Trainee: 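First, the structure itself, so that you have it in front of you.
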Amino acid sequence: MSTKFNEIVKKSSLFKPNYPVIFGPTLLLGCVLIYLEPITIPLVFLAVILSYKLEMRRHKQRMTAYSKYLDDMIENVQKDNHFAIAYMQVGIGIFDTNGLLQWYNNKFQDIVSRPQILGYHMESLLPVQKGFFDIISEQEQVLQTVSIEERTYTLQGRRIRSTSKEENQSSVSVYLYDVTELSTLRQKYNDTKLALCYVRCDNYDEVIRSLSDRGVVTLNGALSSMLTKWVKTNKGFIVHLGNDSAMMGFNHREMITIIKERFDILNSAHLINVGSRMTPTLSIGVAMDGDNLNEQLEKASDALNMALNRGGDQVVVNNHDRLNYFGATGTVVTKANRVRARIVAQMLREEIGKASHILVAGHTGEDFDSLGSAIGIAVMARSMQKPVHIVQSISDSEYQHSKTVFAKYIENNPYDDLILTSERDVQPYIDDNTLLILVDHHRKQLCAMPLLLDKISHRILIDHHRRSEDIIANINGIYQEPSSSSTSEMITELFPYFDEDLELTPYEATKLYLGIVLDSKNFTVQTNERTFEAAAFLRRFGANITLVNELFAESFDKFRYRSKLIAEAKFITPGFAVVTNSVKEKTSETTVLSAQAADELVQAKGVHGACVMTQFENTNTISMNARSDGTVYNVQLMMEALGGGGHQNMAACQIKNKTLEEALELLTKQIKQQEEDETK
């Protein structure tokens, strides 16, 4: 009888003799005989002993039979288990604490396809990354997909805990499940899923403005033919929604090819020439997924809006809520009509009228554009007799310097009392009807006081930068125009539509004029006829050019420092210059001078892009200020890829825990990527 069965017999009452059943009838009969004939006592006693012996013998025979049955059953199960493990269609391998193969079944050897595998290390037998055995040894279970000889397997690694207290390491069991058919089916399903696109000729109105009726027909035919040919080449479908827009569909396999080709349809549009002053450009929004078709349509529409709000001539691909950008190397299209400005001005007037208090917030480390646009919003609120305050992040030397200069030219500045710099100062003005207006930025981390975004639900955003995917959520109204030189220009355009009788003081006009001069680089960058019209409007209200020139004048030390940076510039690729600089501590002065050095570099002949990289040793941070002349490089895309953002010709980012050499390598990769795209 097996040891395990003996233990069960000892503990269980089911396998013990039932003495009442054994002796009951014999004792009862014996008692009757003894009562009738006392002389039968010895016979009764002998009968009891014999019945006991017989019953115990039968019990032993039953137990022996049970034990043999169990032994046979266990032996059969063990044989079956061994056979099943040895020949099952799951590869099994056991590795010791050093990662060497100790035991394996037939399927495992078939998968590995080597005659001698015992004693070999896991990483030499299976296509796993270096250190994979150590990863399994530290975790309870690890799952990974591996490919072996054109077959796909799910590799499941499990740690086998050691029973010895002295053993610190664990052995590992590996299971290989063949999922080739399932993987093939899944890939086929993924390849044939729908990728939905919205396409729009984003400057259609501007292109046809200078065309005759015949030219418009020619343009429509050229656009339709180009799109239809592109769709047919990529085995998709197209539904024309108008002369300037269409909806397309491709399967995922074809869309992946289109993405690898980086949407060459954008360049094809540039080649259309129908005699207009400008060539047509396309904006495309792509949705790769969605829980249903309606959701996918919304994602494609949102992606198209993102492309348009970033300036057009580009593609935004929404792949499982992750946005990727393509194109956008050309100049941002200038929108000549002012309908949107009128609508935004009316919306602003309504929202300000309903608010109990207005708070205006620019970006952290405010520049003249941020401060000027905040003043512009305050002018609107004050014209409606609404309480308004400007939330500011800092009061640094530049701000104090501007106050000093303004004091020499303009008396009775009423705006210093409106500035709030601490959360405690802002708190009394926050209630359910407070309106927050964000200017010159659209990302939470750039807000002068991010706390406001958590406490104020009614908010409006006005910005001239290209939209990033992490735009502040839950905005009641957005006015974002990348073709504008500055947010100050955008707000200046709103004044006539906000209130025809609105007038500006020389202080207010000068503040807004400063913002335009700063971001347009004195009317040389991202400048169009609307920029000059806004500047002329401000000049009519007394914008002080002398004051502006004095504010932009700099000390000899700053001039020499910036010149030193420029002198250290080197070309890392023809057309793109880089300066690497290291300082102990970050100050507003070093940041401004680095940006100014980048501005001057792109004004040099042969320099189409520039970046000044400054390492701040006390914070282990590298700041990048990148600039472009708009002909070859889009520095916004570069900086976005590195975690920053900005505008097509002017952008920045910060990189932590990297050396200057590592940061330079990351930047070089982005530059070469854009150069490759440009040559396609």
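Quick note: numbers below take in every heavy atom, side chains included, and nothing from hydrogens, waters or symmetry partners. Keep in mind that what you see is a predicted model, and the values were worked out from it rather than measured.
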Trainee: Does the structure place the NZ or CZ of Arg342 under 6.0 Å from the centre of the six-membered ring of Tyr497, at an angle of no more than 45° from the ring's axis?
Mentor: no
Trainee: Taking ring pair (Phe, Tyr, Trp, His ring centres under 6.0 Å) as the cut-off, I'd like each qualifying pair that reaches into residues 541-569, sequence neighbours left out, listed once.
Mentor: Phe368-Phe552, Phe537-Phe541
Trainee: Is a donor from one side chain sitting under 3.5 angstrom from an acceptor on the other, for Thr614 and Ser594?
Mentor: yes
Trainee: Do you know which two heavy atoms are closest between Phe498 and Arg349, and how far apart they sit?
Mentor: O-NH1, 3.1 Å
Trainee: Distance from Ile572 atom CD1 to Lys672 atom NZ, nearest 0.5 Å?
Mentor: 8.5 Å
Trainee: Is it true that His442 and Asp470 share a donor-acceptor pair across their side chains at a distance under 3.5 Å?
Mentor: no
Trainee: If you measure only the distance, is there a donor-acceptor pair under 3.5 Å linking the side chains of Gln636 and Glu640?
Mentor: yes
Trainee: Can you tell if the side chain of Leu435 reaches within under 4.5 Å of the side chain of Arg459, non-hydrogen atoms only?
Mentor: no
Trainee: Might you work through the side chain to side chain contact (heavy atoms under 4.5 Å, CB included) test for Leu453 and Ile472, ending with a clear yes or no?
Mentor: CA-CA 8 Å; Leu453 299 174; Ile472 296 169; 4.0 Å; yes
Trainee: Could you check if a side-chain atom of Val360 sits within less than 4.5 angstrom of a side-chain atom of Ile358, using non-hydrogen atoms only?
Mentor: yes
Trainee: If you measure from CD1 on Ile475 to CD1 on Ile471, what distance do you get to the nearest 0.5 Å?
Mentor: 6.5 Å
Trainee: For residues Leu667 and Met624, determine if any side-chain heavy atom of one lies less than 4.5 Å from a side-chain heavy atom of the other.
Mentor: yes
Trainee: Strictly by modelled atom types, are His464 and Asp519 linked by a side-chain donor-acceptor pair under 3.5 Å?
Mentor: yes
Trainee: Could you tell me whether Glu662 atom CD has more than 12 heavy atoms of other residues or ligands within 6.0 Å of it?
Mentor: yes
Trainee: Within 45° of the six-membered ring axis of Phe406 and under 6.0 Å from that ring's centre, is NZ or CZ of Lys511 located there?
Mentor: yes
Trainee: Check whether the side chains of Thr510 and Asn544 place a donor and an acceptor atom closer than 3.5 Å, and report yes or no.
Mentor: no
Trainee: More than 12 non-hydrogen atoms from neighbouring residues, nucleotides or ligands closer than 6.0 Å to CD on Glu500, yes or no?
Mentor: no
Trainee: Within the 3.5 Å criterion, strictly below it, is a donor on Lys455 or Gln427 matched to an acceptor on the partner's side chain?
Mentor: yes
Trainee: Go through it in stages, so that I can follow the logic: the residues are Lys558 and Leu593, the test is side chain to side chain contact (heavy atoms under 4.5 Å, CB included), and I'd like the CA-CA distance, side-chain angles, deciding distance and then a yes or no.
Mentor: CA-CA 7 Å; Lys558 290 181 180 179; Leu593 290 174; 3.9 Å; yes
Trainee: Any sub-3.5 Å donor-acceptor pair from Gln314's side-chain atoms to Gly312's backbone N or O?
Mentor: yes
Trainee: Measuring from atom CG of Asp313 to atom CG of Asn203, what distance do you get when rounded to the nearest 0.5 angstrom?
Mentor: 8.0 Å
Trainee: Less than 4.5 Å apart, any side-chain heavy atom of Glu508 and any of Leu538?
Mentor: no
Trainee: Please check this pair: side chain of Arg539 against backbone of Ala534, looking for a donor-acceptor N/O pair closer than 3.5 Å.
Mentor: no
Trainee: Is there a side-chain contact between Tyr479 and Leu461 in this structure, where contact means two heavy atoms from C-beta onward sitting under 4.5 Å apart?
Mentor: no
Trainee: Atom CD1 of Ile622 and atom CG of Asn581: how far apart are they, to the nearest 0.5 Å?
Mentor: 11.0 Å
Trainee: Looking at every non-hydrogen atom in both residues, tell me the closest pair between Gln480 and Pro482 and how far apart they are.
Mentor: O-CD, 3.7 Å
Trainee: Distance only, no hydrogens: is a donor on one side chain within 3.5 Å (strictly under) of an acceptor on the other, for Asp367 and Ser370?
Mentor: no
Trainee: Considering only NZ, NE, NH1 and NH2 on the basic side and carboxylate oxygens on the acidic side, decide whether Glu489 and Arg530 come within less than 4.0 Å.
Mentor: no
Trainee: List the steps and the verdict of side chain to side chain contact (heavy atoms under 4.5 Å, CB included) for Met613 and Ile655.
Mentor: CA-CA 10 Å; Met613 304 169 57; Ile655 300 177; over 6 Å; no
Trainee: Can you tell me how the ring of Phe523 sits relative to the ring of Phe532, calling it parallel under 30°, perpendicular over 60° and tilted otherwise?
Mentor: parallel
Trainee: Is it true that atom CD of Glu568 has more than 12 heavy atoms of other residues, nucleotides or ligands lying nearer than 6.0 Å?
Mentor: yes
Trainee: Identify the heavy atoms of Cys447 and Ala361 that sit nearest to each other, and give their distance.
Mentor: SG-CB, 4.3 Å
Trainee: What is the minimum heavy-atom distance between Thr434 and Ile456, and which atoms define it?
Mentor: O-CG2, 3.4 Å
Trainee: Closest heavy-atom contact between Ser486 and Gly515?
Mentor: CB-O, 3.8 Å
Trainee: Just jot down the salt bridge (charged side-chain N to carboxylate O under 4.0 Å, His left out) partners of Asp501, sequence neighbours excluded, or say none.
Mentor: none
Trainee: Verify the distance criterion only: is there a donor paired with an acceptor across the side chains of Ser488 and Asp369 at less than 3.5 Å?
Mentor: yes
Trainee: In the structure I gave you, are the side-chain heavy atoms of Val316 and Phe326 within less than 4.5 Å of one another anywhere?
Mentor: no
Trainee: Would you say the side-chain atoms of Ser283 and Asp202 include a donor-acceptor pair closer than 3.5 Å?
Mentor: yes
Trainee: Got a second to check how far Thr487's OG1 is from Asp463's CG, nearest 0.5 Å?
Mentor: 5.0 Å
Trainee: Step by step, would you call Leu660 with Leu664 a side chain to side chain contact (heavy atoms under 4.5 Å, CB included)?
Mentor: CA-CA 6 Å; Leu660 278 170; Leu664 182 59; over 6 Å; no
Trainee: Go through the side-chain N and O atoms of Asn549 and Thr546 and say whether any donor and acceptor fall under 3.5 Å apart.
Mentor: no
Trainee: Measure across Ala448 and Ser393 and return the closest heavy-atom pair with its distance rounded to 0.1 Å.
Mentor: O-CB, 3.6 Å
Trainee: Please collect all side-chain hydrogen bond (donor to acceptor under 3.5 Å, both in side chains) contacts where either partner lies in residues 620-629, sequence neighbours excluded, each pair once.
Mentor: Asp599-Arg627, His608-Asp629, Thr619-Thr621, Asn620-Asn657, Thr621-Lys656, Asp629-Thr631
Trainee: Would you say that Leu514 contacts Leu551 through its side chain, given a criterion of any heavy-atom pair below 4.5 Å between the two side chains?
Mentor: yes
Trainee: Is any side-chain heavy atom of His441 closer than 4.5 Å to a side-chain heavy atom of His465?
Mentor: no
Trainee: Tell me if a side-chain donor or acceptor on Lys386 pairs with a main-chain N or O of Gly353 at a distance below 3.5 Å.
Mentor: yes
Trainee: Does Arg382 qualify as a cation-pi partner of Tyr415, given the criterion of NZ or CZ under 6.0 Å from the six-membered ring centre and within 45 degrees of its axis?
Mentor: yes
Trainee: Working to the nearest 0.5 Å, report the span between CE of Met347 and CG of Asn476.
Mentor: 8.5 Å
Trainee: For a side chain to side chain donor-acceptor pair (under 3.5 Å) check, start with the C-alpha distance between Asp431 and Ser356, then their side-chain angles and the critical distance, and finish with the verdict.
Mentor: CA-CA 8 Å; Asp431 58 36; Ser356 61; 2.9 Å; yes
Trainee: Apply salt bridge (charged side-chain N to carboxylate O under 4.0 Å, His left out) to residues Asp454 and Lys444 and explain how you reach the verdict.
Mentor: CA-CA 10 Å; Asp454 298 325; Lys444 182 175 181 178; 3.2 Å; yes
Trainee: With Ile377 as reference, evaluate Val439, Leu359, Ile460 under the side chain to side chain contact (heavy atoms under 4.5 Å, CB included) test and give the passing residue.
Mentor: Val439
